[in-house]
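In listed order, ligands and their atoms are each counted from 1.
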Amino acid sequence: MDIKLKQSAPVEHIPPNEIKKEMLTDYPVKVARKRAKQIVINTRNEDGSVPEVQSNVRTIPGIISQRGCCYAGCKGVVLGPTRDIINITHGPIGCGFYSWLTRRNQTNPADSADGQNFMPYCFSTDMQEQEIVFGGERKLKQAVQEAYDIFKPKAISIFSTCPVGLIGDDVHAVAREMKEKLGINVFAFSCEGYRGVSQSAGHHIANNGLFKHVIGLDDTVGPGKYRINLLGEYNIGGDAFELERIFEKCGITLVSTFSGNSTIDRFANSHTADVNLIMCHRSINYVAEMMEKKYGIPWIKVNFTGAEGTAKSLRKIGQYYGDSELIARIEEVIAEEMPAVMSALDDVLPRTTGKTAMLFVGGSRAHHYQDLFTEMGMKTLAAGYEFAHRDDYEGRHLLPFLKADADSKNIEELTVEQDPVKFRPRKSPEELACLAAEGLTFSEYQGMLAEMEEEALVIDDISQYETEKLIELYKPDIFCAGIKEKYVVQKSGVPLKQLHNYDYGGPYAGFRGAVNFYQDIDQ
Ligand code: CFM
């Protein structure tokens, strides 16, 4: 492709297939063939379906990927935001140290009577050669005992790092023994970093562990007329606080969030809620599915990113309950919140309209944040996830047709059955059918492609090389990724907005979050 053309042609005029070709041209043949399946031009097939995006496959060795490891997904992402469980990293000190307070999942200890908050601490067994050679179970038991003696927590969880799997420490046996001995909940995760192709494996393992060891332990039905759980919301930059504010205003009771601003007691009680709302499908859909099977709680996909999405998601809750009082209250709240949003938007629109963005983030935000850019009149030229699966791109309906590969077979699939006592269908089949006829979809997620413009580029597990190539060819006005990519991208003259940790800003969820986002992007 001619360099001059690249620089002078308006972005829309470079055909995406040429961009794709250009991105692959310098790769060795085998690498190019593999990457070609992960670089996809968004189109619609005749039947309206979207193209296949190869994903959740191993990164090619030598390629600089954005991905993290299985341990990060389990310990950091899903369990990390729960303030009153002591999370012990069983491994050499680096894994514990580098996962210590690096994700901006906030919490409010004043929410619980005991005020317990272990999140600022880093607990690790600090394995040495001694343990690698002779086994680390003894040291792990000591660590659990020591943590208990000092802090008297309600629960302790153990996270395995790579060497633990290699030397074969039985962390689950240690957990059982210590649970018995201490009389508190102690549970362990076999979430060794190598156990999957990315952190996504760790999400699944964390979901399984929570389901087996915590969810369903406390049957007390608390107060509240409309009792919901919010799944896949991790309170990055205070997002969950903004959503809690909105729910409270609407008169909706939040039983538990998985896992932003959460506590173990709330997890234990979460099976008493009326419905599960799913924000981040990738990280928590397993819990939603298992709770539906075991307890009869239906789940609905929501998106509280963007003011429109927030209003739409609140209306879905109203529709689910079909309660005129709640529906009216939700409309009042939307009407109260929207003027501030619209005025902030009016302010930035003259400067943001027509600008272009690219988003390469995680397994959910690269999709959801497109809504905020759309509200600002901006166009998403290209987007992709780091570790999502095909259902997050193409829609959940294709799950039954996906083959499990060697890597996903590493992860335990729990066999879940209806609980003989605790199963309670929240809606009758007739009611569910009626709601479906009204357009409320359950257990469904359309994925990223269906909501993206045709001709947009969708790239799974983008490499650093491809990032630089994309920027050179497209010259976007803003690039969204994380801290590892930030400064390299900015050195090319393109601003990078961190959508993992929000560059120390936020919240970006809900109504007030949308206002923050408009203003930060405008800057
Ligand atoms: Fe879900 Fe997340 Fe994300 Fe994720 Fe993450 Fe995150 Fe993310 Mo960073 S749970 S998939 S593993 S929304 S930590 S809060 S921002 S990559 S897009």
Side-chain angles (χ1 to χ4, degrees), residues 55-56 65-82 98-107 119 191 193 196-207 210 230-243 257-262 277-288 301-306 309 358-372 383-389 391-393 445 447-448 459-462 480-486 496-509 513 517:
S55 47
N56 194 33
S65 161
Q66 301 178 323
R67 284 174 166 175
C69 69
C70 175
Y71 158 80
C74 184
K75 190 259 186 185
V77 174
V78 180
L79 270 297
T82 310
Y98 288 105
S99 58
W100 178 27
L101 290 184
T102 46
R103 184 164 174 259
R104 290 187 65 231
N105 35 232
Q106 302 183 354
T107 198
M119 278 161 58
C191 56
V197 300
S198 70
Q199 52 267 64
S200 169
H203 301 153
H204 196 164
I205 292 166
N207 281 221
L210 282 176
L230 183 59
L231 273 59
E233 161 47 60
Y234 300 95
N235 204 16
I236 309 297
D239 279 351
F241 296 147
E242 162 66 357
L243 300 180
T257 301
F258 288 82
S259 52
N261 196 27
S262 62
L277 307 181
I278 312 299
M279 270 287 281
C280 169
H281 172 266
R282 179 66 269 133
S283 61
I284 204 88
N285 75 87
Y286 318 97
V287 160
K301 179 74 184 75
V302 291
N303 176 19
F304 289 103
T305 315
M358 292 184 177
L359 302 82
F360 292 94
V361 195
S364 141
R365 296 186 173 185
H367 174 197
H368 289 154
Y369 275 78
Q370 293 185 28
D371 286 5
L372 275 164
Y385 299 123
E386 291 167 47
F387 50 74
H389 301 196
D391 38 320
D392 304 288
Y393 286 111
Y445 176 42
M448 179 197 273
I459 305 173
D460 183 65
D461 187 19
I462 195 172
C480 301
I483 187 66
K484 303 192 295 300
E485 297 79 33
K486 184 172 179 84
L496 186 143
K497 179 67 199 166
Q498 292 187 62
L499 283 192
H500 299 264
N501 73 2
Y502 305 162
D503 291 293
Y504 322 108
Y508 291 148
F517 193 77

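Contact annotation: for Val78 versus ligand 1, there are no heavy atoms closer than 4.0 Å. Looking at Ser364 against ligand 1, both its backbone and its side chain come within 4.0 Å, counting heavy atoms. Residue contacts with ligand 1, taken as heavy atom pairs separated by less than 4.0 Å, involve His203 solely via side-chain atoms from C-beta onward. The proximity of Tyr385 to ligand 1, defined as any non-hydrogen pair under 4.0 Å, does not occur for either the backbone or the side chain.
Proximity annotation for atom 5 (Fe) of ligand 1: of Tyr369, Phe387, Tyr502, Phe360, Phe387 comes nearest, heavy atoms only.
Residues Gln498 and Asp503 bring a donor and an acceptor atom of their side chains to less than 3.5 Å of each other. Under 3.5 Å, the side chains of Tyr445 and Asn285 contain no donor-acceptor pair of N or O atoms. Side chains of Gln66 and His500: a donor-acceptor N/O pair is absent below 3.5 angstrom, by distance only. A donor and an acceptor atom, one from each side chain of Tyr385 and Asp392, are nowhere located under 3.5 Å apart. For the residue pair Ser262/Thr257, the side-chain donor-acceptor check at 3.5 Å is not satisfied.
Scanning all protein heavy atoms for the shortest distance to atom 7 (Fe) of ligand 1 gives His500 ND1, 3.7 Å. Among protein heavy atoms, atom 13 (S) of ligand 1 sits closest to Arg103 NE, 3.0 Å.
Residue Gly363 approaches ligand 1 through these ligand atoms, each under 4.0 Å from one of its heavy atoms: 3 (Fe), 10 (S), 17 (S). Set against the non-hydrogen atoms of Cys280, the atoms of ligand 1 under 4.0 Å away are 1 (Fe), 9 (S), 10 (S), 12 (S). Taking every heavy atom of Val77 and a limit of under 4.0 angstrom, the matching atoms of ligand 1 come to 9 (S), 11 (S).
Contacts of Asp461 classified as salt bridge (charged side-chain N to carboxylate O under 4.0 Å, His left out), with partners at least two apart in sequence or in another chain: Arg67.
With contacts defined as side-chain heavy-atom distances shorter than 4.5 Å, the pair Asn501/Thr102 does not qualify.
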